[in-house]
Amino acid sequence: MSETSKSLNFIEQIIEEDLSNGYSKNDLRFRFPPEPNGYLHIGHASSICLNFGLGLRYDAPVNLRFDDTNPAKEEQEFVDAIKQDVTWLGFKWDTERYASDYFQQLYDWAVQLIKDGKAYVDSQTSEEMAAQKGTPTEPGVDSPFRNRSVEENLSLFEGMKNGEYKEGTHVLRAKIDMASTNMLMRDPIMYRILHKAHHRTNTDWCIYPMYDWTHGESDYIEQVSHSLCTLEFLPHRELYDWFLDQVTSPDKLRPKQREFARRNLSHTVVSKRKLAQLVEQNIVNGWDDPRMPTISGLRRRGYTPESIRNFVDTIGIAKRDNLIDVSLLEFHVREHLNKITPRVMGVLDPLKLVITNYPEGQEEWLEAENSPEDESLGSRQVPFSKELYIEKADFKEEANKKFFRLKLGGEVRLKNGYIIKAESCTKNTEGDIVEVQCTYDPKSKSGSGTPESLRRVKGTLHWVSIKHAVAAEVRLYDRLFTDESPDTHKDKDFMDFINPDSLKTITGYVEPSLKSASVGERFQFQRIGYFCVDKDSSSDKLVFNRTVGLRDSWAKIQQKN
RNA sequence: UGGCCCAUGGUGUAAUGGUAACACUCCGGUUUUUGGUACCGUCAUUCUAGGUUCGAGUCCUAGUGGGCCAACCA
């Protein structure tokens, strides 16, 4: 219902238009075309959801195509990581393709272009060619090699292919227009010599096709109907079409390139070079550090694929520059985690609480609901005893009535347990409170149904029994950058905005039911936030990552004072 | 001193020539054994100037502002 009433984005409108102008639904085909030279990040998630979402919407196949035309940068490791990330996000590609699958076809077409007088071998240095290229405001000039004979071009190109020349000595160029207002049309390079092994073709080739020559022709070979890319490729469209003009036959579908604006997320950077810098300078601990905007980082942080997909759906797709506030991403992960995570209790900043009228040595197991959002998650038992930990921030000697927590002479409920009253506290020589003494009402036990248990007190605290608590490493993550758009300042480097407090590692105390938690499992630590078990955990040591905190209106009230 | 793209609340996106809306954020409130969730409410938007039209956020022109384009990267 909402599906039919939801408005179309401009890409879907283009497709609908094509459909009403003669395309059949069977003609639709899409592709996600990553270069395997790095890890996927949140920006790629938009493209993935767009292309695979279109596939789902129109019941059309979507290829996963690796744009692997540069063996100097590309590696199998990235191919594997990309496949894992796309799968994790919840999408299935139709076929797995590689631009390198088409090297022979591309070569044959290039030979044809030479024969047609539309491509030539240039034997200048890159500096010489750059000088001839002109600028956006001045036309370029023709290369002295532009009018070589077809025979000479053919033989040089074959020599290039056969490895007879050193890197940088020759390139194959399309013969288009050195005076075009579009710089990309000024005789673009189609092939360069690279004596490097390729992760798939090994040393079969020592010439490699450039992006522009490869991409559109690959779309054509795969019969991709709509080739979607980001806005910076808009000027490439003219060239995309020119190359297609050289090879298409009228009985086959002709792919269309259309461009959309890249989504920018606040408080982060996304370029491979910058992310690599964060890794290399040990600002973060690897590409999957939970602070990284990579898909693997978000996964390790505890994000769910659903929350990322919902986020991408919400931000939509358009053509204008944008900076999406990270709070929207956080909203979506909270929204999903709220529904699916079991609640547990953990104390991150412990203060000892002694219940003076609770029998020495006694312990009892209290029933605790696993989720108020999902009854099917059932319940568990948590141990209670005379000595507990509560959060330091949950006790004050005295406070005004806005403070719903524990203060001397005041009452609170211990979640799933009893109502207690603070009687006194002990301080160390520095004046810090190190212990709170309280009394409890034995008849106020949660769920017991007694009138005392039904009494309402304003505050409810989470706690753990000291004797039963499990110590765990807890990693508290915050934004990596203090500026919302760290890499757009002309006079400042993005590294100047690194948040020094993006990771705080502490020891917390969690209820014993967590002892058996497995890597990747997600929980809500009640009143604190969402956490997941990190892969650094071992059988004798739990490590938790904070995915995101709960919304905290108390923190806002405090900030205002 | 060129070409191309873009311009709607604080943010993102819709409105397809006919009442400017939805989500997030912010702020306020109700409920609550999580200061969570849920629910209700408040504030706030068509870059400017002309033109076309009965009617313009939408079409046209100009201006302004932002972005992209001179790798043997993708």
Side-chain angles (χ1 to χ4, degrees), chain A residues 6-10 13 33-35 37 67-70 72-74 122 125-126 129-131 133-140 167-173 180-184 186 189-194 207-208 210-212 214-215 229 231-238 259 261 263 266 272 311 314-332 334-335 338-339 343 345 369 371-373 402-405 412-417 419 446-447 453-462 484 524-529 549-557:
Chain A
K6 194 166 180 269
S7 54
L8 303 178
N9 65 43
F10 82 98
Q13 287 174 28
E35 183 189 11
N37 71 340
D67 232 330
D68 56 349
T69 57
N70 188 353
K73 293 183 175 178
E74 295 147 7
D122 199 333
T125 64
S126 57
M129 283 189 280
K133 195 149 193 186
T135 70
T137 56
E138 305 160 51
E167 287 186 15
T169 53
H170 305 281
V171 291
L172 184 73
R173 289 230 254 174
S180 172
T181 54
N182 184 349
M183 298 289 290
L184 290 157
R186 321 244 262 224
I189 295 174
M190 295 172 67
Y191 277 94
R192 75 285 213 192
I193 299 168
L194 248 29
I207 55 171
Y208 291 92
M210 301 289 286
Y211 166 83
D212 287 297
T214 308
H215 202 93
C229 60
L231 233 32
E232 69 263 29
F233 287 96
L234 200 151
H236 293 248
R237 189 150 117 195
E238 191 180 359
E259 310 81 13
R263 315 322 337 235
S266 76
K272 278 168 196 161
F311 166 73
T314 303
I315 63 182
I317 203 79
K319 291 177 82 167
R320 48 176 182 162
D321 293 339
N322 57 80
L323 182 63
I324 294 145
D325 201 300
V326 69
S327 65
L328 187 56
L329 216 209
E330 292 171 345
F331 164 79
H332 282 286
R334 283 195 192 102
E335 181 188 48
N338 173 53
K339 288 186 192 132
R343 271 59 171 172
M345 291 196 285
E369 180 187 38
S371 171
E373 302 288 324
K402 276 186 153 179
F403 185 78
F404 303 161
R405 308 176 180 190
V412 293
R413 173 171 292 283
L414 294 175
K415 179 82 184 168
N416 304 312
I419 294 174
S446 289
S453 75
L454 268 16
R455 260 181 69 215
R456 295 163 69 145
V457 291
K458 188 64 186 169
T460 301
L461 305 188
H462 63 275
E484 65 170 11
Q524 185 199 85
F525 287 9
Q526 278 183 121
R527 303 211 305 137
I528 301 177
L550 254 26
R551 280 186 63 211
D552 189 349
S553 45
W554 172 239
K556 282 178 190 164
I557 293 168

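By convention in this document, chain letters (A, B, ...) are assigned in the order of the sequence lines, proteins followed by strands, and residues within each chain are numbered from 1.
Evaluation of A:Tyr211 against the base of B:rA74 yields no stacking contact (centre distance < 5.5 Å, interplanar angle < 30° required).
Only the P atoms considered, B:rG36 is 13 Å distant from B:rG28, to the nearest whole Å. B:rC26 and B:rA7 have their C1' atoms separated by 25 Å, given to the nearest Å. Using C1' as the reference atom, B:rU45 and B:rU11 are 12 Å apart when rounded to the nearest Å. Annotation: B:rA14 and B:rA21 have their C1' atoms spaced 7 Å apart (nearest Å). Spacing of P atoms, B:rG10 relative to B:rA44, comes out at 11 Å, to the nearest Å. B:rA15 and B:rC4: their C1' atoms are spaced 27 Å apart (whole Å). With both ends at atom C1', the span from B:rC60 to B:rA23 equals 34 Å, rounded to whole Å. For the C1' atoms, the distance from B:rG18 to B:rU13 is 22 Å, rounded to whole Å.
Side-chain atoms of A:Glu484 stay outside donor-acceptor range of the base of B:rG10, with no qualifying N/O pair under 3.5 Å. The base of B:rG36 lies outside donor-acceptor range of the side chain of A:Arg334, with no N or O pair under 3.5 Å. Side-chain atoms of A:His236 come within donor-acceptor range of the base of B:rA74, with a qualifying N/O pair under 3.5 Å. Judged by distance alone with a 3.5 Å cut-off, a donor-acceptor contact links the side chain of A:Arg413 to the base of B:rU33. Within 3.5 Å, a donor on the side chain of A:Ser446 pairs with an acceptor on the base of B:rU33, or the reverse. One donor-acceptor pair, N or O on each side, does fall under 3.5 Å between the base of B:rU34 and the side chain of A:Gln524.
Side chain of A:Ala318, nearest nucleotide from B:rC24, B:rA14, B:rA74: B:rA14. With B:rA74, B:rG3, B:rU37 as the choices, the nucleotide that has an atom nearest any side-chain atom of A:Thr181 turns out to be B:rG3. Comparing atom distances between the A:Leu8 side chain and each of B:rU16, B:rA14, B:rA74 picks out B:rU16 as nearest. Closest approach to the A:Leu328 side chain among B:rC72, B:rC24, B:rG35 is made by B:rC24 (side chain taken as heavy atoms from C-beta onward). Picking from B:rC69, B:rG35, B:rG12 the nucleotide with the shortest atom distance to the side chain of A:Arg263 gives B:rG12. Ranking B:rA15, B:rU32, B:rA70 by closeness to the A:Lys133 side chain, first place goes to B:rA70. Residue A:Lys319 places its side chain closer to B:rC6 than to any other of B:rU33, B:rG66, B:rC6. Here the side chain of A:Leu550 is nearest to one of B:rG36, B:rC72, B:rU32, namely B:rG36. With B:rC73, B:rU32, B:rG35 as the choices, the nucleotide that has an atom nearest any side-chain atom of A:Lys458 turns out to be B:rU32. The side chain of A:Met183 sits closest to B:rC69 out of B:rU33, B:rA74, B:rC69.
At the heavy-atom level, A:Glu138 lies nowhere under 4.0 Å from the strands shown. Here A:Phe404 lies in heavy-atom contact (under 4.0 Å) with a base. Residue A:Arg551 is in sugar-phosphate contact alone, with no base atom involved, counting any heavy-atom pair closer than 4.0 Å across all strands shown. Using a 4.0 Å heavy-atom cutoff across all strands shown, A:Ser553 reaches sugar-phosphate atoms only and no base atom. Within 4.0 Å of A:Tyr191, counting heavy atoms only, lies no atom of the nucleic acid at all. Using a 4.0 Å heavy-atom criterion, one finds that A:Ile557 contacts the bases of the nucleic acid, with or without backbone contacts as well. Residue A:Phe403 is in base contact, counting any heavy-atom pair closer than 4.0 Å across all strands shown. Within 4.0 Å (heavy atoms only), A:Lys339 reaches no atom of the nucleic acid at all. Within 4.0 Å (heavy atoms only), A:Ser266 reaches no atom of the nucleic acid at all. Using a 4.0 Å heavy-atom distance criterion, A:Ile419 is classed as making no nucleic acid contact. As judged by a 4.0 angstrom heavy-atom cut-off over every strand, A:Gly459 is placed among residues making no nucleic acid contact. Residue contacts shown for A:Pro33 are absent, as no nucleic acid heavy atom lies under 4.0 Å away. A:Glu335 comes within 4.0 angstrom of nothing in the nucleic acid, heavy atoms only. Contacts of A:Met210 with the nucleic acid, taken as non-hydrogen atoms under 4.0 Å apart, involve only primed sugar atoms and P, OP1 or OP2.
For B:rC26, the OP1/OP2 oxygens have a side-chain nitrogen or oxygen of A:Lys556 closer than 4.0 Å. In this structure, A:Gln526 does not reach the B:rU32 phosphate: none of its side-chain N or O atoms is under 4.0 Å from OP1 or OP2. Put simply, A:Arg192 has a side-chain N or O that comes within less than 4.0 Å of OP1 or OP2 on B:rC73. Distances shown here put a side-chain N or O of A:Thr69 below 4.0 Å from the OP1 or OP2 atom of B:rA74.
For the atom pair CG of A:Leu550 and CZ of A:Arg334, the computed distance is 7.5 Å after rounding to the nearest 0.5 Å. With rounding to the nearest 0.5 Å, the separation of CD in A:Glu167 from CD1 in A:Ile193 is 8.0 Å. Separating the CD1 atom in A:Ile189 from the CE atom in A:Met210 is a distance of 5.5 Å, to the nearest 0.5 Å. For the atom pair A:Ile315 CD1 and A:His332 NE2, the distance stands at 8.5 Å (nearest 0.5 Å).
Of the residues near RNA chain B, A:Lys73 and A:Arg405, the one whose nearest nucleotide (by heavy atom distance) lies more toward the 5' end is A:Arg405. Between A:Asn182 and A:Thr125, it is A:Asn182 whose nearest contact on RNA chain B lies nearer the 5' terminus.
Each of A:Arg527, A:Gln526, A:Lys415 was evaluated against A:His462; a single residue qualifies, A:Arg527, per the side-chain hydrogen bond (donor to acceptor under 3.5 Å, both in side chains) test. Among A:Lys73, A:Glu74, A:Lys272, the one residue that satisfies the side-chain hydrogen bond (donor to acceptor under 3.5 Å, both in side chains) test with A:Asn37 is A:Lys272.
The side-chain heavy atoms of A:Arg551 and A:Glu330, taken from C-beta on, include no pair separated by under 4.5 Å.
The nearest whole Å value for the distance from the CG atom in A:Leu231 to the P atom in B:rG66 is 17 Å. One interatomic measurement links the two molecules: CD of A:Glu35 to P of B:rC73, which rounds to 10 Å at whole-angstrom precision.
Using a 30° and 60° split on the angle between ring planes, A:Tyr211 and A:Phe233 fall in the tilted class, from 30° to 60°.
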### Query
Which dot-bracket string fits RNA chain B when only Watson-Crick or G-U wobble pairs with both atom distances under 3.5 Å count, crossing pairs get [ ], and | stands for a partner on a different strand?
.((((((..((((....[..))))..((((.......)))).....(((((..]....))))))))))).....
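Side-chain contact, A:Ser180 with A:Asn182: no donor N or O sits under 3.5 Å from an acceptor N or O.
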